[in-house]
Amino acid sequence: MRTFNHVGIVTTEKKEGAVLNEDLGVWLTDYNKSPNRIEFLRFEPNTCLPELVRKNGHIAYTVPDMQAELEGKKVIFGPAVCDEHLTIAFIEEEGIAIEIMTIK
């Protein structure tokens, strides 16, 4: 079962508190500090994230079982281990990017 986590909004502006994820080539704000669970994303030219994410942003959900959630879906990125606590993947549904997350 999916649980809503955050919304990713693409920006070209430098946002206060944004941190560079060098592996993904994107500056990210902390959605935990946003009352609306917004994560702002500003992409570096060398980003590995797909165009659908770079152009349109995403909706993110946490799931208990990444592999089960991805089965039969149109996976456009990942799964990628971000750190010992977080694994992400992006799928395309209804023409938009959906981030699937497992948090340990």
Side-chain angles (χ1 to χ4, degrees):
M1 181 171 133
R2 292 180 186 176
T3 302
F4 174 77
N5 187 275
H6 68 272
V7 175
I9 305 292
V10 177
T11 184
T12 57
E13 298 175 15
K14 292 182 179 181
K15 294 290 186 178
E16 185 176 332
V19 175
L20 176 62
N21 180 312
E22 291 184 36
D23 292 336
L24 299 178
V26 61
W27 291 86
L28 304 164
T29 61
D30 185 350
Y31 55 80
N32 290 307
K33 295 179 180 176
S34 166
N36 295 299
R37 305 283 298 175
I38 295 171
E39 171 186 63
F40 287 99
L41 305 100
R42 183 171 56 91
F43 294 98
E44 291 289 308
N46 66 336
T47 185
C48 61
L49 292 172
E51 183 176 0
L52 192 59
V53 176
R54 293 189 321 262
K55 301 288 183 188
N56 300 314
H58 64 276
I59 301 170
Y61 297 94
T62 56
V63 298
D65 184 344
M66 173 76 68
Q67 292 305 335
E69 186 65 32
L70 298 181
E71 190 172 320
K73 303 289 191 323
K74 182 178 180 180
V75 178
I76 58 174
F77 180 82
V81 176
C82 294
D83 62 36
E84 66 272 11
H85 303 290
L86 176 65
T87 300
I88 66 167
F90 284 92
I91 61 175
E92 181 180 336
E93 286 185 344
E94 298 185 74
I96 66 168
I98 305 292
E99 181 178 12
I100 304 299
M101 308 168 65
T102 54
I103 302 172
K104 296 179 185 174

How many angstroms lie between [atom1] in [X] and [atom2] in [Y], if you round to the nearest 0.5 Å?
X    : Y   : atom1 : atom2 : value
T12  : L41 : OG1   : CG    : 12.5 Å
M101 : T62 : CE    : OG1   : 7.0 Å
F43  : E51 : CZ    : CD    : 11.0 Å
C48  : D23 : SG    : CG    : 8.0 Å
E99  : I59 : CD    : CD1   : 11.5 Å
W27  : K14 : CH2   : NZ    : 7.5 Å

What heavy-atom pair brings [X] and [Y] nearest, and what distance separates the two atoms?
X   : Y    : result
P50 : F77  : CD-CB, 3.8 Å
E84 : K104 : O-CD, 4.0 Å
T87 : M66  : O-CE, 3.4 Å
L49 : R54  : O-NH1, 2.6 Å
N46 : G25  : OD1-CA, 4.1 Å
P64 : M1   : CD-O, 3.5 Å

Same apolar cluster (I L V M F W Y, side chains within < 4.5 Å links), I103/L24
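I103 clusters together with L24.
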
Keeping the roles fixed (side chain from [X], backbone from [Y]), state whether a donor-acceptor pair exists under 3.5 Å.
X   : Y   : answer
D83 : H85 : yes
T47 : V26 : no
R37 : N5  : yes

Parallel, tilted or perpendicular: rings of F4 and Y61 (30°, 60°)
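The arrangement is perpendicular - the two ring planes meet at more than 60°.
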
Matching residue for K15 among L28, I38, T29 - test: side-chain contact (heavy atoms from CB on, under 4.5 Å)
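The side-chain contact (heavy atoms from CB on, under 4.5 Å) with K15 is passed solely by T29 among L28, I38, T29.
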
Sub-4.5 Å side-chain heavy-atom contact between N56 and V10
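A side-chain contact under 4.5 Å is absent here.
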
So do K73 and I100 actually touch side chain to side chain, heavy atoms under 4.5 Å?
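Not touching, per the 4.5 Å side-chain cut-off.
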
Please report, to 0.1 Å, the donor-acceptor pairs under 3.5 Å made by any side chain of residues 88-98, with sequence neighbours excluded.
unit_1: E92; atom_1: OE1; unit_2: K74; atom_2: NZ; d: 3.2
unit_1: E93; atom_1: OE1; unit_2: R2; atom_2: NH1; d: 3.0
unit_1: E93; atom_1: OE1; unit_2: R2; atom_2: NH2; d: 3.3
unit_1: E93; atom_1: OE2; unit_2: R2; atom_2: NH2; d: 2.8

